[in-house]
Amino acid sequence: MANNLNKLRNIGIAAHIDAGKTTLTERILFYTGRSHKIGEVHDGNATMDWMIQEQERGITITSAATTCFWKDNVINIIDTPGHVDFTVEVERSLRVLDGMIAVFCAVAGVQPQSETVWRQAVKYKVPRLAFVNKMDRTGANFDRVVAMIRDNLSSNPVVVDYPIGAESDFVGYVDLIKNKAFYFDGDKGEIINEGDIPNDMLDRVETLRSILIECVAEADENLLTTYLENGTLDAEDIIKGLRIRVLAGEVIPVFCGSAFKNKGVQSLLDAVVDFLPSPIDVGTIKATFKDSSDVIALKPDSKETFSALAFKIMTDPFVGKLTYLRVYSGQLDAGSYVYNTVSDTKERVGRIMQMHANTREELKVAKAGDIVAVIGLKNTRTGDTLAAENQTFMLENIEFPEPVIFVAIEPKTKSDQEKLSKSLEKLSDEDPTFSYSTDQETGQTIISGMGELHLEVIVDRLLREFGVDANIGQPQVAYKESISKAAEGEGKFIKQTGGRGQYGHVILDVVPLERGQGFVFENKVVGGSIPREYIPSVEKGVKNLFVSGVVAGYPVVDVKVVVKDGSFHNVDSSDIAFQIAASYAVKEAFKSANPLILQPIMDVQVEVPENYMGDVIGDLNSRKGKIEKMSDNNQGNKEIEAKVPLGDMFGYATALRSFTQGRGIYTMQFFGYSEVSKQLYKELTEKSSKEKE
């Protein structure tokens, strides 16, 4: 690990699926001497894609961490997935990283998931470099990709390496900082020769270099003065000024290459060191004390109070539960105790590991700035803060989207039942966007996730990794219930038996909230008509009902419940009586509140050759899709954007393949919830009534 924090870089590699992130990471490991053989995704032997599910599908599913060295600098790298179903891996990685390389395909440019990871990087204020990959591919167009970064991502890209040639003629690049041309040689691109800038590129290079220098001159007054006096800046000044502007998030330096053909990676590594921040550049991290709103500023210094964020949990078949930590301040010793300020538990750190994908190297100590994995933490979950034993501050947590799709899973035997519950607990620890529950009425286990591929991978892991034999149901949509107007309800639960009876009486209002507001409970009882000790029972009764649904068995969201009156009995009133009365009151109120069922709406982007466009649009319309935009891309294909209910998108991959002869591709991500049609509302409520009979 780095003793000098200025020489440490914590970076992520993120992009749309199939832009070449893992291939780029493999080359970085090779050129930095971390691995001595280049692994390939298509051969299933990439170092970072170590899960069997990744090797079979040729995609990254889980983010993998590694450490390598470049010119006396330590670079911690996290290679993240590009598929939208696994976007949580990008979210939690960017939360703890200091810089990012955004990879773009030179042919496709800015794609839907590129925009998603970009928004995540903006959210966490992570400085970025852009690497235009696949410059050797037919249709590669560097200038178009730069324009797309500017227009589609509302960013300020500035070209640093400009390609010499494209497609099969891609032979090198012009370094605009040094104003020199470099050409690739050797089987593995390890030889880079300096040469002349081609004559037909001189004007273009001069224009781009002027843009770069003018951009850099704005970094500070000294550089501006030098530029105005001399009309130019030397290479050292350009690097200094560009670094200032990148760290401020004002510009995105753009580089080019072909990771698969081993071209342009060394220059990108130089750029990571020159332009992306060290923990010192990131500066102090703010944490808030649990019992007050006071804020503490934690310096990236090993002598400071210890603080770390758990950003990923992983189950390792050999060592058990691995907790990935980013240490922000202080140091962590193997065998020491730490305090989890979120769960209020003391944890013992057994061993500290430096990870290289799924292999480990043991460390005695982890210091500020380090990203490590720890063995021995039992009560720590993703997003928890770990601190020195006498501290109560919390670092900013990580927010995760809610699952939108679920399937029922039934173990085949009693021993599978026991294995299933343990396995599901481990998987939900690993992945905060995966959850499981038991349907109280059917007794079935329900697993929920972000998409069909997400659940397919989870089920595959249950069968293979955890050895659970189970039957899997059809995917179901995570519908929600809500209301569209305020209404009053009254509920009484009076039961007289031989001895002590039951008495609860509640009058309440239900009020619709804006989408995304969740559940709000308010007590407006005055005069003690419901004693204070029974108010929590009323709230519990409402919450229990809202979990199982009022009209069709789906969770209730975006509703405020205001308790305003009721009555009690000195002898017969009880917690359970008020819980039941509250649920009766809510059911009564819902009848007059115009109840709704909400469905997840997906943002669907389809890319197809023009002659299939009519079929695709017709099919999306038949799935109740709303076409929002149609545009051309530079491959002669049409891009169609639509908002479509998730319930109508099952089996879409197969359908699209069949009527485009395998030439159509699509991406889909959650957009929001909206009201279902009257017909679907009727179907869902009738189905719920039949199941209850």
Side-chain angles (χ1 to χ4, degrees), residues 84 401-408 435 437 439 441-442 444 446-452 454-455 473-487 489 510-519 545-561 586-606 617-628 641-652 655 666 668-693:
V84 69
E402 271 194 48
V404 294
I405 183 172
F406 64 89
V407 298
S435 63
S437 61
D439 187 312
E441 290 177 10
T442 64
Q444 280 183 315
I446 308 294
I447 60 174
S448 312
M450 300 307 294
E452 285 182 274
H454 187 198
L455 289 185
Q474 290 299 308
Q476 304 288 319
V477 178
Y479 293 109
K480 309 276 189 195
E481 295 178 14
S482 194
I483 54 174
S484 56
K485 70 174 193 179
V510 292
V511 183
L513 298 174
E514 284 184 23
R515 291 286 158 264
Q517 298 282 304
F519 167 68
L545 180 67
F546 277 10
V547 167
S548 57
V550 181
V551 293
Y554 302 111
V556 176
V557 294
D558 307 333
V559 174
K560 178 181 182 180
V561 173
V586 170
K587 285 175 184 171
E588 176 74 28
F590 255 62
K591 288 175 189 170
S592 314
N594 286 7
L596 314 168
I597 296 178
L598 305 172
Q599 63 185 340
I601 300 296
M602 308 307 282
D603 191 350
V604 179
Q605 310 216 5
V606 189
I617 291 172
D619 181 69
L620 288 172
N621 286 332
S622 74
R623 293 172 187 271
K624 306 186 192 74
K626 187 177 166 192
I627 308 295
E628 304 234 309
E641 289 183 31
K643 299 285 189 289
V644 192
L646 174 63
D648 295 281
M649 286 300 291
F650 291 138
Y652 186 66
Y666 82 104
M668 177 171 85
Q669 57 189 329
F670 176 65
F671 172 72
Y673 273 90
S674 91
E675 191 179 343
V676 301
S677 65
K678 286 189 173 118
Q679 176 61 29
L680 183 54
Y681 180 89
K682 190 180 171 196
E683 286 172 20
L684 293 171
T685 49
E686 284 176 358
K687 180 184 166 197
S688 172
S689 300
K690 278 180 188 164
E691 284 171 356
K692 286 175 183 170
E693 284 172 7

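Remember, it's a predicted structure, so these values are computed and weren't measured experimentally.
For the atom pair CD1 (Ile446) and OG (Ser435), the distance works out to 10.5 Å, reported to the nearest 0.5 Å. The structure places CG of Leu680 at 6.5 Å from NZ of Lys624, a figure rounded to the nearest 0.5 Å. Note that the CD atom of Glu675 and the NZ atom of Lys678 stand 8.5 Å from one another [nearest 0.5 Å]. Here OG of Ser674 is found 12.5 Å from CD1 of Ile597. Values are rounded to the nearest 0.5 Å. To the nearest 0.5 angstrom, Leu684 atom CG is 10.0 Å from Glu686 atom CD. One finds the OH atom of Tyr673 at 10.0 Å from the CD1 atom of Ile601 (value rounded to the nearest 0.5 Å).
Across every non-hydrogen atom of Pro555 and Tyr479, the tightest pair is CD-O, 3.8 Å. Closest heavy-atom contact between Gly549 and Val556: CA-CG2, 4.3 Å. The two atoms that bring Gly553 and Ser688 nearest to each other are N-OG, 4.0 Å, heavy atoms only. Smallest separation of non-hydrogen atoms from Val477 and Gly647: CG2-CA, 3.3 Å. In terms of heavy-atom proximity, Ile483 sits nearest to Pro512 at O-CB, 3.5 Å. When all heavy atoms of Ser482 and Val557 are compared, the pair lying nearest together is OG-O, 2.9 Å.
Legend: residues meeting side chain to side chain contact (heavy atoms under 4.5 Å, CB included) with Ser484, ordered by chain and number and at least two apart, are Asn594, Leu596. When the side chain to side chain contact (heavy atoms under 4.5 Å, CB included) test is applied to Glu588, the partners found at least two apart in sequence or on another chain are Lys591. By the side-chain hydrogen bond (donor to acceptor under 3.5 Å, both in side chains) test, Glu514 is found to be paired with no residue, residues two or more places apart in sequence or in another chain being considered. Remark: Glu683 engages no residue in a salt bridge (charged side-chain N to carboxylate O under 4.0 Å, His left out) (not counting sequence neighbours). For Lys587, the side chain to side chain contact (heavy atoms under 4.5 Å, CB included) partners two or more places apart in sequence, or in a different chain, are Leu545, Val550. Scored by the ring pair (Phe, Tyr, Trp, His ring centres under 6.0 Å) test, Phe546 finds Phe519 as partners (sequence neighbours excluded). A search for side-chain hydrogen bond (donor to acceptor under 3.5 Å, both in side chains) contacts involving Gln517 returns nothing, not counting sequence neighbours. Under the side chain to side chain contact (heavy atoms under 4.5 Å, CB included) criterion, Glu628 pairs with Lys626, Lys643, not counting sequence neighbours.
For residues 548-560, the pairs satisfying salt bridge (charged side-chain N to carboxylate O under 4.0 Å, His left out) are Arg515-Asp558, Glu522-Lys560, with sequence neighbours left out. Pairs passing the salt bridge (charged side-chain N to carboxylate O under 4.0 Å, His left out) check and including a residue from residues 475-487, sequence neighbours excluded, read Glu402-Lys480.
Counting heavy atoms from C-beta on, the side chains of Leu598 and Tyr554 never come closer than 4.5 Å. Between Ile627 and Leu620 the shortest side-chain heavy-atom distance falls below 4.5 Å.
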